[in-house]
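Below is one structure, written out as structure tokens; the observations come after it.
Keep in mind that this is a model prediction, so the values were computed, not measured.
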Amino acid sequence: MRIARFSIDGNVAFGAVEDTPQGLVLDIIKGIPYADFELSGTKVPLSKVRLLPPVLPNKVVAIGRNYAEHAKELGNEVPDVPVAFFKPTTSVIGSGDAIEYPSFSNELHHEAELAVVIGRMCREVPRERVKDVIFGYTCANDVTARDAQQREKQWARAKGFDTSCPLGPWVETDLDPADLTIQATVNGEQRQLGRTSDMIRSIEDLVVHITEAMTLLPGDVILTGTPAGVGPLTVGDEVAVTIEGIGTLTNKVIKRG
């Protein structure tokens, strides 16, 4: 099932995305999707709503250098253990929202990623229970101020600035993430093309590693790393992240302020 979060007439709701002969429609959900819920039967065309970030995470835990070719293209070694960092909630935007080019950077990069959405509170999750705590999957773009990342030697500003974490367009709850095509285009030109099977550490590895240290809450997001091909974005560019079985996340880059 595809679960979207959207606004219509000033109201925010979740809905199940359905494909009909008339186009995509949203069947509004009663309650919240992380618990037992019912479909209301009230349906609205997707074209009549504004898509919002599909979740509002308490935290986004991102993993760096989880594809060997991406580590290589930036001159980095593959780390011995997963490299984790945070992106704040203020970095999260939805499909169709604008990425604001930060004033402290002259080298903004796209990074297409598969995002894992957590469905229940969990800590110290054993490998065999990882699937039980996952709500679903969505597309992500770990937008990075590359020059600031290299200059400051840590990633808080470079990867945590406002609008640096596009998520969407919705969460797919019924998906095997083991071997999916993941790609990024800029203005229709392909920049990144990889497969999730090329991850160094699997989703199970990442959930176990992260929850050894911290509690994850419903709606929290894990970014699983990016394949090779990251590259520059400029004001006016339209960047799209497409993942097989999920859909396409699209954002335009604008000047901040």
Do [X] and [Y] come within less than 4.5 Å of each other through their side chains, counting heavy atoms only?
X: V143; Y: C165; answer: no
X: L249; Y: L167; answer: no
X: F37; Y: I3; answer: yes
X: I182; Y: P227; answer: yes
X: P33; Y: F135; answer: yes
X: Y137; Y: V116; answer: yes
X: V92; Y: P57; answer: yes
X: R201; Y: T224; answer: no

So, taking the atom named [atom1] in [X] and the one named [atom2] in [Y], what distance separates them when rounded to the nearest 0.5 Å?
X: I8; Y: L26; atom1: CD1; atom2: CG; value: 8.5 Å
X: T226; Y: N66; atom1: OG1; atom2: CG; value: 10.5 Å
X: S164; Y: E111; atom1: OG; atom2: CD; value: 10.5 Å
X: K48; Y: D9; atom1: NZ; atom2: CG; value: 11.0 Å
X: E244; Y: D176; atom1: CD; atom2: CG; value: 10.0 Å
X: I200; Y: Y67; atom1: CD1; atom2: OH; value: 9.5 Å

| Do I99 and I93 pass the side chain to side chain contact (heavy atoms under 4.5 Å, CB included) test, and can you show the C-alpha distance, the side-chain angles, and the key distance before you say yes or no? | CA-CA 8 Å; I99 299 167; I93 59 173; 4.1 Å; yes
Can you name the nearest heavy-atom pair linking [X] to [Y], along with the distance?
X: L223; Y: A140; answer: CD2-CB, 3.6 Å
X: P169; Y: G247; answer: CD-C, 4.3 Å
X: P54; Y: V171; answer: CB-CG2, 3.7 Å
X: D174; Y: M1; answer: CB-N, 3.8 Å

Following the transitive rule for hydrophobic clusters with a side-chain heavy-atom cut-off under 4.5 Å over Ile, Leu, Val, Met, Phe, Trp and Tyr, establish whether [X] and [Y] coincide in one cluster.
X: V241; Y: M199; value: yes
X: L175; Y: I118; value: yes
X: V230; Y: L108; value: no
X: V55; Y: I29; value: yes
X: I63; Y: V133; value: yes

| Does a sphere of radius 6.0 Å around CZ in R151 hold more than 12 heavy atoms from other residues, nucleotides or ligands, not counting ones at 6.0 Å or beyond? |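 Result for CZ/R151: enclosed.
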| message | Can you confirm whether E128 is buried at CD, in the sense that more than 12 heavy atoms of other residues, nucleotides or ligands lie under 6.0 Å from that atom? | response |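 Count over threshold, so yes.
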| message | Using the side-chain contact (heavy atoms from CB on, under 4.5 Å) definition, which of the options T181, L114, T138, T248 pairs with I243? | response |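 Answer after filtering T181, L114, T138, T248: L114.
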| request: Test salt bridge (Lys or Arg N to Asp or Glu O under 4.0 Å) on K72 and E77 and set out the steps. | output: CA-CA 7 Å; K72 181 180 178 181; E77 299 291 332; over 6 Å; no
Taking [X] for the side chain and [Y] for the main chain, is one N or O donor matched with an acceptor at less than 3.5 Å?
X: S40; Y: I28; result: yes
X: Q190; Y: T185; result: no
X: T196; Y: D179; result: yes
X: K252; Y: V239; result: no
X: T144; Y: D142; result: yes
X: N187; Y: D237; result: no
X: T163; Y: E100; result: yes
X: S105; Y: P102; result: no
X: S95; Y: T250; result: yes
X: Q183; Y: T242; result: no

Taking transitive links into account, so neighbours of neighbours count too, which hydrophobic residues share a cluster with [X] at under 4.5 Å side-chain distance?
X: V12; answer: L52
X: L56; answer: none
X: V25; answer: none

| request: State whether R129 and E204 are salt-bridged, where the test is any N-O pair (Lys NZ or Arg NE/NH1/NH2 against Asp/Glu carboxylate O) under 4.0 Å. | output: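 Salt bridge absent between R129 and E204.
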| Can you list every pair that meets ring pair (Phe, Tyr, Trp, His ring centres under 6.0 Å) and has a residue in residues 101-134, with sequence neighbours left out? |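 Applying ring pair (Phe, Tyr, Trp, His ring centres under 6.0 Å) to every pair that reaches into residues 101-134, excluding sequence neighbours, yields nothing.
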| request: Sequence neighbours left out, what pairs pass ring pair (Phe, Tyr, Trp, His ring centres under 6.0 Å) with at least one residue falling in residues 151-210? | output: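 Every pair satisfying ring pair (Phe, Tyr, Trp, His ring centres under 6.0 Å) with a residue in residues 151-210: F85-W155.
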Among all residues two or more places apart in sequence or in another chain, which pass the side chain to side chain contact (heavy atoms under 4.5 Å, CB included) test with [X]?
X: L217; value: N58, K59, M121, T215, D220
X: E152; value: A148, Q154, R157
X: V208; value: R127, V130, E212
X: T211; value: C122, V125, V207, L216

| said: Apply side chain to side chain contact (heavy atoms under 4.5 Å, CB included) to residues M214 and V61 and explain how you reach the verdict. | reply: CA-CA 10 Å; M214 68 191 72; V61 187; 4.1 Å; yes
| Criterion side chain to side chain contact (heavy atoms under 4.5 Å, CB included) on D162 and R256, from CA distance to verdict | CA-CA 10 Å; D162 291 354; R256 176 174 286 184; 3.8 Å; yes
| task | For R191, enumerate each residue passing the salt bridge (Lys or Arg N to Asp or Glu O under 4.0 Å) test, keeping only those at least two apart in sequence or located in another chain. | result |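 R191 satisfies salt bridge (Lys or Arg N to Asp or Glu O under 4.0 Å) with no residue once adjacent residues are dropped.
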| Tell me, which pairs form a side-chain hydrogen bond (donor to acceptor under 3.5 Å, both in side chains) where one or both residues lie in residues 115-125, sequence neighbours left out? |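 For residues 115-125, and leaving out neighbouring residues, there are no side-chain hydrogen bond (donor to acceptor under 3.5 Å, both in side chains) pairs at all.
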| field | Pairs involving residues 18-38, ordered by first then second residue, that meet side-chain hydrogen bond (donor to acceptor under 3.5 Å, both in side chains) (sequence neighbours left out) | value |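 Residue pairs passing side-chain hydrogen bond (donor to acceptor under 3.5 Å, both in side chains), neighbours aside: E18-K43.
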